[in-house]
Amino acid sequence: MLDEQATARIDLAKQRLRARLLARRRTALAALTAGGAGTGAGAGAGAGDVGGLAPRILALPEVARATCVAAYVGLPGEPELGDLLDRLLAAGTQVLLPALRTDLDLDFRTYLGTLVPGALGTREPPSAAPVGDLGLAGVVIVPALAVDRRGRRLGRGGGSYDRALVRVAAQATVIAVVHDQELLDHVPTAPHDRGVHLVVTPSRILHCGPDGVTGEHPEPSTG
Ligand SMILES: Nc1nc2c(c(=O)[nH]1)N(C=O)[C@@H](CNc1ccc(C(=O)N[C@@H](CCC(=O)O)C(=O)O)cc1)CN2
Ligand SMILES: Nc1ncnc2c1ncn2[C@@H]1O[C@H](COP(=O)(O)OP(=O)(O)OP(=O)(O)O)[C@@H](O)[C@H]1O
């Protein structure tokens, strides 16, 4: 266990980093909007990610073989996921999406093609959509503000995903999606923070382990 001072130091480091990363996303989004590129499908518009990450995520073997994938609906400033959710559905994959509860914990509901507005600017399956069991997802795709090469993840600060990821099966693959410049050398984390196995950016796919990157596509020397 960390003492109170150590925990406070980590929290402060996270808060500062979060503020910097969110400011950068806002600036990039403003520049994109000012440039007339539009805001994508109304959510998830990200600087320069035209076309989205869907094809590369769908081509991952872990995703291709999963019968149930938990994902999320993009928010403005996040990397553009394109039509990932609908393509998963079309492939016959069960898709679970988060619905934000008032305590900031997440329910996961089955995506059946419709979304309604949720809290804090999110969009979620309607409340009538069947609740899904996150423990049955073979792949869990999570949003992040930053990730490091060991798979340590910084979220928006609600602890939503830290709590949700506790419910994920041990053998599931957790994938974080960030912009290239949000792949950092070090992300401050506390013991409760849950790491990720794979990081997808608009130009790279990294496999992370406790000692750092264990594999990369494309290989750095060939890229
Ligand atoms: N795409 C996506 N979905 C997600 C998350 C996320 O980070 N990204 N979350 C990760 O945990 C949860 C939602 N948590 C959130 C936490 C804060 C804000 C937020 O700061 N929103 C803006 C706009 C608010 C509004 O429009 O009302 C803000 O408060 O300034 C949004 C979602 C679940 N779904
Ligand atoms: N498993 C948990 N159960 C209860 N509270 C938790 C849990 N994990 C984290 N928290 C609390 O949530 C708050 C935010 O945590 P943290 O800064 O790690 O969020 P984050 O990982 O950046 O955000 P998120 O998980 O929402 O993407 C902290 O006060 C933390 O104590």
Side-chain angles (χ1 to χ4, degrees), residues 1-4 6-27 29-30 39-46 49 52-54 57 69-85 95-109 111 115-125 129 131-132 134-135 137 140-148 150-168 174-179 182 184 186-196 199-200:
M1 280 294 282
L2 296 180
D3 64 40
E4 253 174 63
T7 306
R9 263 201 309 277
I10 293 168
D11 280 347
L12 187 63
K14 283 184 177 181
Q15 266 172 42
R16 288 184 172 149
L17 184 56
R18 227 175 247 130
R20 276 215 311 274
L21 292 159
L22 283 168
R24 188 159 66 183
R25 280 191 179 180
R26 272 195 294 274
T27 305
L29 194 61
T39 52
D49 304 335
L53 296 167
I57 293 177
V69 170
Y72 61 91
V73 186
L75 284 170
E78 291 179 347
E80 176 64 68
L81 295 176
D83 55 359
L84 176 71
L85 304 180
V95 180
L96 303 180
L97 296 177
L100 195 59
R101 296 195 331 212
T102 49
D103 65 358
L104 298 186
D105 203 343
L106 302 175
D107 285 330
F108 279 79
R109 296 186 192 144
Y111 176 55
L115 297 170
V116 299
L120 294 178
T122 59
R123 290 189 298 155
E124 62 192 32
V131 172
L134 190 59
V140 182
I141 305 173
V142 301
L145 295 181
V147 198
D148 71 16
R150 294 182 177 188
R152 294 180 292 211
R153 165 187 175 274
L154 182 75
R156 288 180 188 264
S160 304
Y161 272 96
D162 292 322
R163 281 176 275 179
L165 289 176
V166 174
R167 312 197 292 270
V168 170
V174 182
I175 304 175
V177 180
V178 292
H179 294 290
E182 293 164 349
L184 307 180
H186 176 78
V187 166
T189 44
H192 69 252
D193 287 306
R194 317 297 293 194
V196 305
V199 180
V200 176

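Whatever order the structure lists ligands and atoms in, that order sets their numbers, starting from 1. What you see is a predicted model, and the numbers here were worked out from it, not measured in a lab. All heavy atoms count here, side chains included; hydrogens, waters and symmetry mates do not.
- Considering only residues two or more places apart in sequence or on other chains, Arg16 meets the side chain to side chain contact (heavy atoms under 4.5 Å, CB included) condition with Leu12.
- Between atom 4 (C) of ligand 2 and the options Arg163, Arg153, His192, the minimum heavy-atom separation is to Arg163.
- Two residues are said to be in side-chain contact when any heavy atoms from C-beta on lie closer than 4.5 Å; Thr189 and Arg150 fail this criterion.
- When the heavy-atom distances from atom 22 (O) of ligand 2 to Arg18, Gln15, Lys14 are ranked, the shortest goes to Arg18.
- Checked by atom type and distance alone, the side chain of Arg109 pairs as donor or acceptor with a backbone atom of Pro125 at under 3.5 Å.
- In this structure, the side chains of Ile141 and Leu84 come closer than 4.5 Å at one or more pairs of heavy atoms.
- If you check which protein heavy atom lies closest to atom 25 (O) of ligand 2, you get Tyr161 N, 2.9 Å.
- Within a 4.0 Å radius of atom 29 (O) of ligand 2, the protein contributes no non-hydrogen atoms.
- Evaluation of the side chain to side chain donor-acceptor pair (under 3.5 Å) rule for His186 yields Arg152 as partners, not counting sequence neighbours.
- Contact of the Arg194 side chain with the Val174 side chain is not registered, since no non-hydrogen atoms from C-beta on lie closer than 4.5 Å.
- Scored by the side chain to side chain donor-acceptor pair (under 3.5 Å) test, Tyr72 finds no partners at all (sequence neighbours excluded).
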Give every pair formed by an N or O atom of ligand 1 and a protein N or O atom closer than 3.5 Å, one pair per line with both atom names and the distance to 0.1 Å, or write none.
unit_1	atom_1	unit_2	atom_2	d
ligand 1	1 (N)	Val73	O	2.7
ligand 1	1 (N)	Glu78	OE1	2.8
ligand 1	1 (N)	Glu78	OE2	3.3
ligand 1	7 (O)	Arg156	NE	2.8
ligand 1	8 (N)	Glu78	OE2	2.7
ligand 1	21 (N)	Leu120	O	3.4

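- Among protein heavy atoms, atom 21 (O) of ligand 2 sits closest to Asp162 OD2, 2.7 Å.
- Under the 3.5 Å distance criterion, the side-chain polar atoms of Arg163 are matched with a main-chain donor or acceptor of Gly158.
- Regarding atom 11 (C) of ligand 2, its nearest protein heavy-atom neighbour is Gly159 CA, 4.4 Å.
- Considering both main-chain and side-chain atoms, Gly155 comes within under 3.5 Å of ligand 2 through a nitrogen or oxygen pair.
- Contact check for Arg18 versus Leu154: side-chain heavy atoms found under the 4.5 Å cut-off.
- Here's the thing with Leu154: none of its N/O atoms is less than 3.5 angstrom from an N/O atom of ligand 2.
- Of the charged side-chain nitrogens involved, at least one lies within less than 4.0 Å of a carboxylate oxygen, so that Arg25 and Glu182 count as a salt-bridged pair.
- Remark: minimum distance from atom 26 (O) of ligand 2 to any protein heavy atom is reached at Ser160 N, 2.8 Å.
- Looking at atom 23 (O) of ligand 2, its nearest protein heavy atom turns out to be Gly157 N, 3.1 Å.
- Note that the CG atom of Asp107 and the CG atom of Leu96 stand 11.5 Å from one another [nearest 0.5 Å].
- Proximity of Asp193 to ligand 2, defined as any heavy-atom pair under 4.0 Å, is confined to the side chain (atoms from C-beta onward).
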